[in-house]
Amino acid sequence: MSLIPESHPRVKSLLIRERLVTGFDQGLVAKEGLLAHGRGEAFDYLLGEKTNNTAKRAIKAAAAQILLAKLPVISINGNIAALCPKEIINLANISGAKIEVNLFYASEKRKKNIIKTLKKNGAKDILGTNRNFSTTLSGLDSARRIVDKNGIFAADVVIVPLEDGDRTMALRRAGKTVIAFDLNPLSRTSQTASITIVDNVIRAVDLLSITYKKLSKNNKNSLGKIVKNFNNKKNLSDSIVEIRNNLTRRSHIA
Ligand code: PTJ
């Protein structure tokens, strides 16, 4: 039972934190994942803890990009398995994207726990689990370099929630389109991805699924235009302006 009273003014944020801690206790989340969450929380606070217009623009471009993809793959790590397994599997199911477990802090035991959680939440085929199909991404030294031949390695579009910058760069160098979720618009992941959704993955994934469904009626030409008209650098800079405006507003109140 949760120790957080429903009346607490920061109940939402505390409950999200609790999911991470529970995920850690269940062997899904790396210790470092708790720290990564803390960094995300800080940026979420600065962004006003809501899905801003810049995030909505990125979500629209991401949905169009996934609709245009030949082989989209969603990369799953410990934090995602703890935060929003149902929501991410729903996105995979409606879009036909494959899911692949790929960990930075590699651990077979944690991988097994993550797979179990994903299956419990409705995942059928999970890649990244069979060594016979593994290969490596070049230009990357971390464990994230080990990818599935039929998954991330072959993908044209890779969706990376809560990523480290190195792999985003390696994926881009390998010619892939990268869609990232990252609350920090200044991170290397955010800056190097093709489309960065600066929002809490917990809020953004469902919105991406809804937008995907809405845009699925559009033809390829109109989807292509949505992607072409999206400028990630400009959108990131607008996210930074949103943070600045929030801070300015707060400094006037004080
Ligand atoms: O499970 P593993 O071994 O694959 O490890 C996963 C972590 C997250 C520990 C690993 O990828 C890592 O160390 O990531 P970083 O380099 O700390 O980056 C995580 C990024 O995600 C940071 O820029 C955070 O601001 C951001 N972030 C944290 N929580 C959220 C988030 N972005 C969106 N939604 C969140 N809930």
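For ligands, and for the atoms within them, numbers begin at 1 and follow the listed sequence. Worth knowing before you read on, the calculation uses all heavy atoms, side chains too, and leaves out hydrogens, waters and symmetry mates.
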So if I count the atoms of ligand 1 from 1 in the order they appear, which ones are less than 4.0 Å from some heavy atom of [X]?
X      : answer
Asp199 : 33 (C), 34 (N)
Asp182 : 20 (C), 21 (O), 22 (C), 23 (O), 24 (C), 25 (O), 26 (C), 32 (N)
Gly78  : 1 (O)
Leu83  : 36 (N)

Problem - Protein contact to atom 8 (C) of ligand 1 [nearest heavy atom, distance to 0.1 Å] - result: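 Scanning the protein heavy atoms, the shortest distance from atom 8 (C) of ligand 1 goes to Ala36 CB, 3.8 Å.
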Problem - Top protein contact for atom 32 (N) of ligand 1, by heavy-atom distance - result: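 Heavy-atom neighbour on the protein nearest atom 32 (N) of ligand 1: Leu183 N, 3.1 Å.
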Contact check, side chains of [X] and [Y], non-hydrogen atoms, under 4.5 Å:
X      : Y      : answer
Ile240 : Arg244 : no
Leu67  : Tyr212 : yes
Val147 : Glu100 : yes
Ile159 : Ile88  : no

Could you work out, for [atom], the closest of [options] by heavy-atom distance?
atom                    : options                     : result
atom 17 (O) of ligand 1 : Arg39, Glu41, Arg19         : Arg39
atom 31 (C) of ligand 1 : Asn79, Val29, Leu162, Ile76 : Leu162
atom 11 (O) of ligand 1 : Glu163, Arg144, Glu32       : Arg144
atom 35 (C) of ligand 1 : Asn102, Asn200, Leu34       : Asn200
atom 9 (C) of ligand 1  : Ala143, Ala30, Gly33        : Gly33

Exercise for the section: Please state whether Thr189 comes within less than 4.0 angstrom of ligand 1, counting heavy atoms only. Expected result: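 Under 4.0 Å: no for Thr189.
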Handout entry: Interatomic spacing from CG in Asp44 to NE2 in His37 - rounded to 0.5 Å
Key =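 Atom-to-atom, Asp44:CG and His37:NE2 are 8.5 Å apart.
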Exercise for the section: Supply the atom-to-atom distance Ile59 CD1 to Phe181 CZ, rounded to the nearest 0.5 angstrom. Expected result: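 Here the rounded value is 7.0 Å.
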Problem - Shortest non-hydrogen separation from Leu118 to Ile76 and the atoms involved - result: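 Answer, listing the atom of Leu118 first, then Ile76: CD1-CG2, 4.1 Å.
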